[in-house]
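Indexing begins at 1, ligand by ligand and atom by atom, following the structure's order. Positions are given from 1, in the same order as the sequence printed here.
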Amino acid sequence: MIDLRSDTVTRPTEAMLESMREATFGDDSRDGDPTVIRLEAMAAERMGKEAGAFMPSGTMANLVAMLTHAQRGGEVLLEQGSHTLNAELGGIAGVAGLFYRGLPGHRGAMDLDALREALRPTLRNQMGTALVWMENTHNRAGGAVLPLDHMRSVHALAGERGVPVHLDGARIFNAAAALRTEARTLAQYADSVCFCVSKGLSAPVGSVLCGSKAFIERARAYRRMVGGNMRQAGPLAAAGIVALETMVDRLGEDHRTARRLAEGFHRIDASLVDPREVETNLVRVELRKSGRRAIEWSASLKEKGVLVAPCDAYALRFVTHRHIGDAEVDAAVSAFASLWDGR
Ligand SMILES: Cc1ncc(COP(=O)(O)O)c(C=O)c1O
């Protein structure tokens, strides 16, 4: 099977497995675990922040960020296609007790005029903005990269009103690679940032939330509240350390295979995808012209040995990663082409 459903399907490397076997088994939530402490320090350094807290998932890191930044009843402003609004099952309202306003955007970047208009203080008859949210790379926008200028403007607008900014950087290293810069260059435009070691970086589990020391101290309490307290997490952190040390620099290769995939689809039919829009390792393929739903396409492709997940009723999301080379890309394109011709 050629598995293009997500970069979360990546298996740990031999070096990760080796480091997991040798990891420490301290109790993270009691007196601390040295390997977890090391990962958190490395993560904070990479993000240009003071501190980090290891979390079981990106979803939890986002949720804990909301809880730590914002008071119940406040409003979160974010681009309407954000992962947290569309795929994290309403934790923002259901657990964090926050209202939210999805702002229109282009390729994941929220409209700055809409943001300017929506930012508002709390008054006796008005709910105020509690948090501004960005996502880079942007999942539903097909792995689009928010430009640095955009991030700078969002941060400045929020800052003028004293509103904190969180960056969902689940794939921040992909964004940084595409922009040919360091992750901290992006993270400087947010008060907190989280990223996943479990996606293209190939570690089995985990995300790190980073911010100021005081922020992370409070975040640890909220992490406990939502059941994310870590115990003997040393082996997981060990894999995360190897991920940061060895996997970041190869992400450009996943971007190259993604473009190759997009070019293959574009040759089949130009309506499927514009390869010029593929900036990282996610390829959003639009199927409306076929008249068949994404779920039907994924079922047919599975029969041909290609696994892929729908991201909308008429769109599939193909994700390239460490186990996908040119041969897998070409085989996936051929499988799709044979179905397209016979549709
Ligand atoms: C942008 C973004 N944020 C957060 C998450 C959630 O990460 P996790 O699956 O570890 O909960 C994902 C997962 O795909 C994501 O794409």
Side-chain angles (χ1 to χ4, degrees), residues 3-10 12 39 43 47 52-67 76 78-92 94-96 100 102 105 107-110 131 133-146 151 165-178 183 186-187 190 192-210 223 226-228 230 233 236-237 239-240 243 251 254 258 279-284 307-312 315-321:
D3 199 341
L4 292 152
R5 288 171 301 169
S6 177
D7 42 12
T8 57
V9 304
T10 43
L39 170 64
M47 296 298 134
F54 191 36
M55 304 269 166
S57 68
T59 303
M60 188 180 285
N62 279 339
L63 184 60
V64 168
M66 290 168 200
L67 287 163
V76 184
L78 71 188
E79 195 277 331
Q80 62 197 8
S82 313
H83 186 272
T84 200
L85 273 191
N86 292 278
E88 294 178 4
L89 302 190
I92 190 168
V95 183
Y100 56 83
R107 294 185 52 71
M110 65 180 109
L131 182 62
W133 192 276
M134 286 188 273
E135 180 179 318
N136 203 4
T137 63
H138 196 284
N139 190 336
R140 282 170 84 89
V145 179
L146 302 187
M151 296 189 76
V165 176
H166 174 70
L167 172 59
D168 176 355
R171 296 186 180 81
I172 193 172
F173 290 106
N174 294 86
L186 286 71
S192 61
V193 53
C194 62
F195 68 91
C196 302
V197 289
S198 58
K199 298 195 163 75
L201 301 186
S202 296
V205 173
S207 299
V208 190
L209 175 64
C210 299
R223 182 184 67 170
V226 295
M230 303 293 255
L236 295 177
L251 290 174
D254 299 341
E279 296 177 88
T280 59
N281 67 326
L282 273 49
V283 181
R284 193 186 152 102
L307 296 178
V308 61
C311 60
D312 267 324
L316 287 171
R317 187 193 70 164
F318 291 75
V319 186
T320 57
H321 50 76

**Q** Answer yes if the side chains of N281 and D7 hold a donor-acceptor pair under 3.5 Å, and no otherwise.
**A** yes

**Q** Only heavy atoms of E88, strictly under 4.0 Å: list the atoms of ligand 1 that pass.
**A** 3 (N), 4 (C), 5 (C), 6 (C)

**Q** Checking the side chain of S6 only, and the main-chain atoms of T8 only, is there a donor and an acceptor separated by less than 3.5 Å?
**A** yes

**Q** Got the closest protein heavy atom to atom 1 (C) of ligand 1, with its distance?
**A** E135 OE2, 3.3 Å

**Q** Tell me which protein heavy atom sits closest to atom 14 (O) of ligand 1, plus the residue, atom name and distance to 0.1 Å.
**A** K199 CE, 3.2 Å

**Q** Which ligand 1 atoms are under 4.0 Å away from a heavy-atom of S57?
**A** 10 (O), 11 (O)

**Q** Ligand 1 versus N139, non-hydrogen atoms closer than 4.0 Å: side chain, backbone, both, neither?
**A** side chain

**Q** Is there a polar contact, in the sense of an N or O pair closer than 3.5 Å, between S198 and ligand 1?
**A** no

**Q** If we ignore angles and hydrogens, is there a donor and acceptor under 3.5 Å between the side chains of R317 and N139?
**A** yes

**Q** Which bit of N62 gets closer than 4.0 Å to ligand 1, counting heavy atoms only: side chain, backbone, both or neither?
**A** side chain

**Q** Among all the protein's non-hydrogen atoms, which is closest to atom 8 (P) of ligand 1, and how far away is it?
**A** G58 N, 3.5 Å

**Q** Please write down residue, atom name and distance for the protein heavy atom closest to atom 5 (C) of ligand 1.
**A** H83 CE1, 3.3 Å

**Q** How does A170 reach ligand 1, by side chain, by backbone, by both or by neither, if only non-hydrogen atoms under 4.0 Å count?
**A** side chain

**Q** With the threshold set at under 4.0 angstrom, would you say H138 reaches ligand 1 through any of its heavy atoms?
**A** no

**Q** Check whether any heavy atom of M60 sits under 4.0 Å from an atom of ligand 1.
**A** no

**Q** Does an N or O from T137, backbone or side chain, lie closer than 3.5 Å to an N or O of ligand 1?
**A** no

**Q** Going by atom types only, do N62 and H166 share a side-chain donor-acceptor pair under 3.5 Å?
**A** yes

